[in-house]
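Okay, structure first, notes after.
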2 protein chains.
Amino acid sequence: MKPTIYDVAKKAGVSIATVSKVINNTGRISEKTRKKIWALMEEMEYQPSVVASALTGKSTYTIGLLIPDLANPFFSEIARSIEDRGHSLGYNIVICSTDYDPEKEAKYTSLLKQKSVDGIILASGFENHKSAKELIRQNFPIAVVAREIPSLEVDTVSIDNFLGGYQGASHLIGLGHKRIAIIARDVWSNRERIRGYKQALEEANLEFDTQMEFVKDSAVESGKELAGKLLDSSAPPSAIFACNDSLAIGVIQAARQRGLTVPKNLSVLGFDDTIWAKISDPPLTTIAQPIREMGYGVMDLLIQEIKGQKHVKQRLILLPKLVERETTLAYTGE
Amino acid sequence: MKPTIYDVAKKAGVSIATVSKVINNTGRISEKTRKKIWALMEEMEYQPSVVASALTGKSTYTIGLLIPDLANPFFSEIARSIEDRGHSLGYNIVICSTDYDPEKEAKYTSLLKQKSVDGIILASGFENHKSAKELIRQNFPIAVVAREIPSLEVDTVSIDNFLGGYQGASHLIGLGHKRIAIIARDVWSNRERIRGYKQALEEANLEFDTQMEFVKDSAVESGKELAGKLLDSSAPPSAIFACNDSLAIGVIQAARQRGLTVPKNLSVLGFDDTIWAKISDPPLTTIAQPIREMGYGVMDLLIQEIKGQKHVKQRLILLPKLVERETTLAYTGE
DNA sequence: ATGAAAGCGCTAACAC
DNA sequence: GTGTTAGCGCTTTCAT
């Protein structure tokens with residue numbers, strides 16, 4: 001059997017209180033007994049049970065992460081950075097993939113609460129805020145990342161999506177493109193990006209497709225398909241702005257399929273700057289989200305919240321940044 | 001405050017034992033009180049504390065997953081499938097990224113034990129088996145996936161790497177290639193794959209590079225670099241077999257950089273069949289590991305172990321399979 | 001069919 | 001400095 005605090009106390013000839021005190025470095029214990037007990041714990045391979053300690057009201061040092069899909073590099077990179085930060089702060093992460101399904105989110109949050117996690121990070125991208133609201137109502141520590149819930153009073157770290165859209169479109173405009181298409185999935189962040197894009201086009205007196213069609217998911221295939229339609233139309237764009245890197249890769253494939261060379265015949269711009277942008281061929285010019293900082297940021301916010309070191313909720317808005325690689329080029333047509 | 005079992009017992013006018021029984025569906029409770037208590041729990045938003053229940057010796061229904069790096073698609077896909085399977089079996093996963101670092105692995109296993117996880121899955125790819133040995137010695141439920149530890153008595157699911165290497169080389173040989181290079185990181189699974197590859201070459205009376213150089217990590221860049229060297233040599237290969245998809249993508253890039261078209265001027269073959277193989281351009285011919293089945297497999301093995309439903313350890317060896325896409329072609333040179 | 005009570009491993013007053 | 005003890009929320013005999 002695993003040794004308990006009683007076992008080490010008995011062996012050390014002291015009370016469990018004393019052992020508890022040396023474990024937690026509290027109270028006044030003589031250097032001598034302290035050392036003796038440490039040695040004993042080592043020898044007996046004693047590990048304090050966080051379950052028991054949690055029952056007395058202390059932390060479990062584990063936090064839940066609700067994320068749509070680890071297969072999406074943006075999310076796996078976010079998860080990784082959250083885990084890293086958590087680890088260095090002494091927390092473990094339990095991962096819950098929601099697949100953009102509000103029901104799964106609800107189920108997981110319930111489970112996580114039963115397990116007494118110290119807090120929950122929501123990275124799920126869908127539009128239903130039921131779980132978040134619920135958690136807030138119950139005063140459960142949460143923080144959200146890469147997703148905005150304008151109507152909720154909650155710690156959040158996200159990027160300025162409007163600016164990202166604006167930057168992207170401006171870059172393309174600066175390159176002389178006149179027909180700039182945008183492809184995106186219909187979610188909040190993308191609608192913001194599209195707003196930014198439209199703003200930039202308007203300022204440049206350029207037209208945009210008022211009939212723009214959304215893509216049903218972020219799969220490469222979907223990007224390829226929609227880009228294909230665009231390229232096959234009577235007035236194909238000379239640049240396509242994809243609202244994430246996967247979609248952008250699909251665009252490149254659609255172009256290549258039609259004998260077009262990127263960026264010579266078509267400029268393509270991505271969003272996120274995940275690893276996919278780097279392994280893309282040619283390497284993708286993209287609007288970078290500071291993924292690492294975002295992960296660190298939410299974790300820090302949540303921990304502060306948990307520890308009660310902070311009494312006013314915050315929204316941390318990081319700024320996206322254009323990363324020029326090799327898929328955009330000055331327009332030379334006509 | 002969160003309601004406890006006492007709160008609902010009091011409100012229901014029964015003892016906590018009764019409530020406990022309806023929660024767990026044990027003992028004999030009249031339909032009437034059963035219903036009343038369920039209703040009450042609903043109304044009070046009561047959630048049993050798994051921490052408290054764990055303290056009485058029951059499961060925590062959480063299992064730890066040690067994995068090198070979520071940024072590697074093979075591992076994030078494995079993680080995803082493990083999580084899926086766990087979820088449907090009622091388990092949560094706490095993710096621990098080890099970065100191939102034995103010390104991190106040791107630290108995490110210790111932490112996980114303190115948290116009383118029900119079991120641990122090891123997917124870490126490095127060569128040090130200290131943690132695994134330790135865990136086994138302590139009789140802690142573990143299972144390993146995508147990694148073999150020939151000397152250890154432990155539940156394992158992996159693939160036949162030798163066969164994978166053999167299949168890959170055979171495919172290339174069948175296409176008429178005579179100069180077939182292989183690039184890999186120096187780890188156990190790859191050494192097996194290389195054995196298979198050599199075997200195939202030998203059977204076909206083909207030579208292989210006895211001076212073959214290993215790559216230092218699985219990054220695309222490393223693959224590109226080494227492939228570059230190979231292609232620039234005096235007797236460049238007409239086909240390159242990369243021991244994972246990332247490396248293969250690097251190979252394609254190296255080829256493209258030199259004006260070679262894949263597969264026309266160079267066949268390239270990957271390994272794993274992660275999503276990268278599908279988004280690669282052209283789509284990568286690769287040796288597929290049945291990732292989903294592997295994840296499901298370990299999870300099942302581990303759960304059986306935990307529940308004591310199984311008294312003999314197993315090794316489940318799944319077979320890899322060639323997936324032909326568009327990066328390999330019959331040799332037409334000379 | 002239901003309840004009393006002991007115990008799971010630990011923390012935190014409080015006493016000595 | 002160290003020990004005693006009452007919980008923490010739940011499960012589980014064993015009575016009734």
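Naming convention: chains lettered A, B, ... in sequence-line order (proteins, then strands); numbering from 1 in each chain. Values reported hereafter were calculated over all heavy atoms of this structure, with side chains retained and with hydrogens, waters and symmetry mates removed.
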Will you find, in the side chains of A/Ser30 and A/Thr33, an N or O donor that is under 3.5 Å from an N or O acceptor? yes

Is the NZ or CZ atom of A/Arg147 positioned over A/Tyr100's six-membered ring, under 6.0 angstrom from the centre and within 45° of the axis? no

List the steps, then state whether salt bridge (Lys or Arg N to Asp or Glu O under 4.0 Å) holds for A/Lys58 with A/Asp118. CA-CA 9 Å; A/Lys58 317 236 334 191; A/Asp118 294 335; over 6 Å; no

Can you establish whether the number of heavy atoms outside B/Lys2 located under 6.0 Å from its atom NZ is more than 12? yes

Could you tell me whether the phosphate oxygens of C/dG3, OP1 or OP2, come under 4.0 Å of any side-chain nitrogen or oxygen in B/Ser15? yes

Inspect the surroundings of OH in B/Tyr61 and state if more than 12 heavy atoms from other residues, nucleotides or ligands are less than 6.0 Å away. no

Please state how far atom OH in B/Tyr61 lies from atom P in D/dT11, giving the value in whole angstrom units. 11 Å

The helix from C/dA1-D/dT16 to C/dC16-D/dG1: angle between its terminal axes, five pairs each, to 10°? 40°

Kindly say if A/Thr33 contacts the phosphate of D/dT2, meaning a side-chain N or O under 4.0 Å from OP1 or OP2. yes

Might you confirm whether atom CD of B/Glu42 has over 12 heavy atoms from other residues, nucleotides or ligands at distances under 6.0 Å? no

Just one of A/Gln314, A/Lys313, A/Arg315, A/Lys310 clears the side chain to side chain donor-acceptor pair (under 3.5 Å) bar with A/Asp155, so which one? A/Lys310

Roughly how many Å is it from CG in B/Asp7 to C1' in D/dC10, rounded to a whole number? 13 Å

Non-neighbouring partners of B/Arg137 that pass salt bridge (charged side-chain N to carboxylate O under 4.0 Å, His left out), sequence neighbours left out: A/Glu45, B/Glu134

Starting at atom CE of B/Met41, determine the distance to atom C1' of D/dC10, rounded to an integer number of angstrom. 13 Å

In 5'-to-3' order, the base (B), backbone-only (S) or no-contact (-) status of each nucleotide in nucleotides 6-16 of chain C, using a 4.0 angstrom heavy-atom cut-off, is -BBBBBB----

Nucleotide C/dT2, atom P - distance to CG of B/Asn25 in whole Å: 14 Å

